[in-house]
Trainee: 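First the structure, then my questions, so here it is.
Nothing here was measured: the structure is a model prediction, and the numbers come from that model. Note: hydrogens, waters and symmetry copies are ignored here, and every other heavy atom, side chains too, is used. Numbers restart at 1 for each chain; the letters A, B, ... are given by sequence-line order, proteins then strands.
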Protein chains: 4
Amino acid sequence: MEDRMGQELPGKKKNLILEAAAEVFARRGFHGSTVEEIAQRAGVGKGTIYEYFSSKKDLFHQLITAVMEEMITDLRKRIDQAGEVQEKLRILVEEGLNHFQRLEQISKILMTEVKNARDEEIKEIFLQKHESIIGLISGVIEEGMKEGRFRQVDKLLAAQLFIGTLSSIIVSTTIYNRERKTSINAVLDLFLHGIST
Amino acid sequence: MEDRMGQELPGKKKNLILEAAAEVFARRGFHGSTVEEIAQRAGVGKGTIYEYFSSKKDLFHQLITAVMEEMITDLRKRIDQAGEVQEKLRILVEEGLNHFQRLEQISKILMTEVKNARDEEIKEIFLQKHESIIGLISGVIEEGMKEGRFRQVDKLLAAQLFIGTLSSIIVSTTIYNRERKTSINAVLDLFLHGIST
Amino acid sequence: MEDRMGQELPGKKKNLILEAAAEVFARRGFHGSTVEEIAQRAGVGKGTIYEYFSSKKDLFHQLITAVMEEMITDLRKRIDQAGEVQEKLRILVEEGLNHFQRLEQISKILMTEVKNARDEEIKEIFLQKHESIIGLISGVIEEGMKEGRFRQVDKLLAAQLFIGTLSSIIVSTTIYNRERKTSINAVLDLFLHGIST
Amino acid sequence: MEDRMGQELPGKKKNLILEAAAEVFARRGFHGSTVEEIAQRAGVGKGTIYEYFSSKKDLFHQLITAVMEEMITDLRKRIDQAGEVQEKLRILVEEGLNHFQRLEQISKILMTEVKNARDEEIKEIFLQKHESIIGLISGVIEEGMKEGRFRQVDKLLAAQLFIGTLSSIIVSTTIYNRERKTSINAVLDLFLHGIST
DNA sequence: CATGAATGAGTATTCATTCAT
DNA sequence: TATGAATGAATACTCATTCAT
């Protein structure tokens with residue numbers, strides 16, 4: 001899978017930078033991150049970043065868009081493959097947890113680091129993508145309600161709560177060093193119990 | 001209540017600064033905030049901040065400590081005043097939402113803006129306080145389990161989920177402009193349904 | 001005339017910076033000058049410049065405006081004090097030569113360093129001021145034509161030529177190390193001979 | 001006249017670059033110009049410039065030398081072809097104006113953009129060439145004095161003034177959008193009137 | 001020869017912190 | 001105490017120059 005004889009995959013370097021940026025921005029936030037560190041982590045020179053992105057802000061912007069796009073596509077695929085709604089939710093959690101973790105991180109950065117109109121614009125784009133994901137989850141919940149498996153609830157709020165639930169899993173595993181499997185089961189049990197008839 | 005003839009209540013100016021800092025840090029994160037803006041919002045000179053705090057980091061540190069301390073004290077008082085466990089949870093939500101919102105904001109800042117060992121230290125202090133609050137909530141849940149009102153669940157995880165639940169309320173009211181009362185009822189219903197026998 | 005006991009004249013530091021900037025910009029052009037060097041020559045810290053000017057471009061802008069303003073005021077005063085038109089021209093040269101040297105330098109910088117729309121704007125302001133000076137000189141020439149001392153010529157072109165003439169004096173003294181007095185007399189003689197009846 | 005089948009005239013690409021450089025340096029000065037823009041305007045790759053010139057500074061250096069050399073050769077030829085001295089001066093102006101415009105631009109750049117000893121060296125070379133041109137003009141003036149057509153004046157200063165006069169024409173046509181022919185006649189009339197017996 | 005992707009030295013600008021008043 | 005003018009370390013960004021293809 002590696003490039004042979006110095007032949008590079010197209011866009012390889014850009015992806016290297018995006019991956020490095022994801023890592024650094026997640027750890028330090030936007031203002032706390034330096035282009036220098038992103039470059040070092042990507043293994044490229046500082047100037048190279050500006051070959052692919054017009055500014056630090058543009059890099060952040062493209063990163064968010066790419067991550068959200070990938071998340072939506074992947075989650076949609078997984079949901080369509082699954083059978084029952086309860087199974088769909090479980091799969092969403094188990095397979096989508098990494099995605100949601102990134103959603104959390106981006107959300108955190110965006111919600112606490114607004115400086116000007118341009119930032120609001122980026123925030124707006126994020127919220128649009130975020131709504132897509134909420135819509136995706138609320139679709140599953142609606143399906144469950146139609147099948148009579150779930151109680152009649154506000155599906156958007158329930159979807160929102162579902163993400164809050166995932167957030168709990170992420171926090172409990174990250175901060176408290178819990179085993180992920182245990183957390184998933186316990187938290188999902190509580191959520192499903194809450195929503196089921 | 002106002003100070004007369006320039007006579008100031010002790011610590012009044014320090015509190016002004018802390019309040020201003022809470023506001024600014026919440027909106028811009030740590031690196032995105034400037035001492036200048038905090039000073040202006042507090043209505044004091046930039047140098048004055050350094051009369052009460054040794055550095056921007058120290059201000060942030062003291063802010064977190066103060067906010068958490070106040071939160072724990074207030075929540076403990078409200079819980080002790082309430083009667084049944086379900087009522088305790090409802091009161092925790094209704095009365096404690098502002099506290100939790102601040103908890104969210106601080107958590108976001110801390111989790112995404114780590115630069116060095118000193119930051120980790122601050123993070124550690126925050127986590128200790130955070131655990132106090134988790135303990136406080138898990139205490140209520142344990143009480144409910146003993147009374148047979150709640151199912152036998154992992155009380156720490158449930159407490160964690162409870163905060164995730166509150167997070168949902170905050171997000172749905174903030175981002176989606178939902179009415180707070182409706183969100184509270186719907187989300188609390190789901191949580192209680194999930195945890196009850 | 002010096003400030004006593006550390007008491008500073010108002011705007012003193014801003015003027016220090018403007019003087020240093022005049023010197024550096026004249027020698028190196030806009031792009032060739034560094035804020036660092038201007039700061040050092042002004043004997044202030046780099047950051048101090050940004051206390052008085054919002055950007056390097058703003059410093060340049062304010063410098064041009066200030067220099068042109070001073071030049072126009074001073075030249076107008078000298079002309080009004082003089083008697084005959086030929087005397088006026090001589091005085092304009094002798095007393096105004098330093099001003100014109102600065103006019104030359106600024107003009108050179110402006111005419112060769114245009115990068116964007118903002119630059120065109122600055123250039124426009126300069127041209128307005130430049131026209132004021134042309135108008136001032138052409139006024140003297142018109143006066144001379146009315147008195148019958150000068151031939152009927154295109155007064156604006158003649159004024160333009162007068163500045164070209166001064167430029168010659170400046171170049172011949174600066175580059176060829178000529179004595180200023182000799183250059184003034186010789187060149188002025190040629191100009192007056194050319195314009196007189 | 002076009003190259004056929006990719007076969008290029010020797011030095012053709014080098015000339016393309018020199019022409020592009022002349023244009024860009026004239027518009028933006030030395031520090032304001034980028035190698036990138038020069039390459040684009042020349043229709044070659046950025047790296048190609050370094051095939052013909054060792055550095056940006058070297059390109060500038062060679063450009064000045066080439067322009068001055070061409071100017072001197074061409075002006076000498078035109079002067080030798082003309083008859084009377086007054087006619088020589090007129091021809092110098094009419095035919096040499098484009099050359100003098102470039103002289104002006106290069107002079108402006110050189111006089112305002114000195115950074116180090118190396119620059120002084122380039123400036124020195126320019127001054128030598130400049131003196132050749134002054135000598136060329138002062139030769140014509142001397143000729144006129146010998147013929148009794150011109151007054152006895154400092155021929156070097158007069159030559160200097162002649163270039164200042166041309167500068168006026170260039171400025172009045174460039175900045176004030178005057179018709180070139182009118183400016184030439186008016187300014188030349190003043191100069192000749194000034195120098196003639 | 002020709003190219004342009006990659007690079008890092010160099011610069012404008014910001015902002016936490018100090019200190020004279 | 002309280003202040004804000006002054007500062008320079010830190011950082012985003014540019015661009016001359018190199019070098020693999």
Trainee: Under the rule for side chain to side chain contact (heavy atoms under 4.5 Å, CB included), what residues qualify as partners of B:E69, not counting sequence neighbours?
Mentor: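 With sequence neighbours excluded, B:E69 shows a side chain to side chain contact (heavy atoms under 4.5 Å, CB included) to B:T65, B:K129, given in chain and number order.
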Trainee: Where each residue is assigned the nucleotide of DNA chain F containing its nearest heavy atom, which of B:V44 and D:E36 is assigned the position nearer the 5′ end?
Mentor: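 Checking each residue's closest nucleotide, the 5'-ward one belongs to B:V44.
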Trainee: Given Watson-Crick or G-U pairs with both distances under 3.5 Å, what dot-bracket string fits DNA chain E, with | for other-strand pairs and [ ] for crossing?
Mentor: .||||||||||||||||||||
Trainee: Check each residue of residues 47-59 of chain D for a non-hydrogen atom within less than 4.0 Å of any atom in DNA chain E, then write out the ones that pass by number, or none.
Mentor: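 D:G47, D:T48, D:E51, D:Y52, in order of number.
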Trainee: Drop me the distance from C:L63's CG to C:I38's CD1, to the nearest 0.5 angstrom.
Mentor: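 If we round to the nearest 0.5 Å, C:L63:CG and C:I38:CD1 are 8.5 Å apart.
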Trainee: From NE2 of D:H31 over to C1' of E:dA12, roughly how many Å is that when rounded to an integer?
Mentor: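 Interatomic distance, NE2 of D:H31 to C1' of E:dA12: 16 Å.
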Trainee: Is there a donor-acceptor contact under 3.5 Å from the side chain of C:T48 to the main chain of C:V44?
Mentor: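 The answer is no, because no donor-acceptor pair under 3.5 Å joins these two groups.
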Trainee: So, is D:K13 close to the E:dC1 phosphate, meaning a side-chain N or O under 4.0 Å from OP1 or OP2?
Mentor: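 So the side-chain polar atoms of D:K13 never come under 4.0 Å of the phosphate oxygens OP1 or OP2 of E:dC1.
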Trainee: Do C:Q62 and C:K14 have side-chain atoms, one donor and one acceptor, less than 3.5 Å apart?
Mentor: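 Note: C:Q62 and C:K14 side chains meet the donor-acceptor criterion.
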Trainee: Please round to the nearest 0.5 Å and tell me the distance separating atom CZ of C:R27 and atom CD of C:Q105.
Mentor: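 The CD atom of C:Q105 is 10.0 Å from CZ of C:R27, to the nearest 0.5 Å.
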Trainee: Could you tell me whether the side chain of C:I109 reaches within less than 4.5 Å of the side chain of D:K108, counting heavy atoms only?
Mentor: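 Answer no - side chains too far apart.
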Trainee: Test D:E70 against D:R102 for salt bridge (charged side-chain N to carboxylate O under 4.0 Å, His left out), laying out the working first.
Mentor: CA-CA 11 Å; D:E70 189 202 338; D:R102 279 198 281 182; 3.8 Å; yes
Trainee: What is the distance, to the nearest angstrom, from the CD1 atom on D:I38 to the P atom on F:dC15?
Mentor: 12 Å
Trainee: In whole angstrom, give the distance that lies between atom NZ of D:K12 and atom P of E:dA2.
Mentor: 12 Å
Trainee: What is the distance, rounded to the nearest whole Å, between atom CZ of B:F60 and atom P of E:dC15?
Mentor: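 Result: 18 Å.
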Trainee: Can you tell me how far CE of D:M68 sits from CG of D:L127, rounded to the nearest 0.5 angstrom?
Mentor: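 It comes to 8.5 Å.
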Trainee: Between D:K56 and D:F30, is NZ or CZ placed under 6.0 angstrom from the six-membered ring centre and within 45° of the ring axis?
Mentor: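 The answer is yes; both the distance and angle limits are met.
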Trainee: Whole Å only: how far is the CD1 atom of C:I17 from the C1' atom of F:dT7?
Mentor: 12 Å
Trainee: Without decimals, in angstroms, what is the distance between D:Q40 CD and E:dA2 P?
Mentor: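 It works out to 18 Å between those atoms.
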Trainee: Could you tell me whether the side chain of A:K46 has a donor or acceptor atom within less than 3.5 Å of a complementary atom in the base of E:dG10?
Mentor: yes
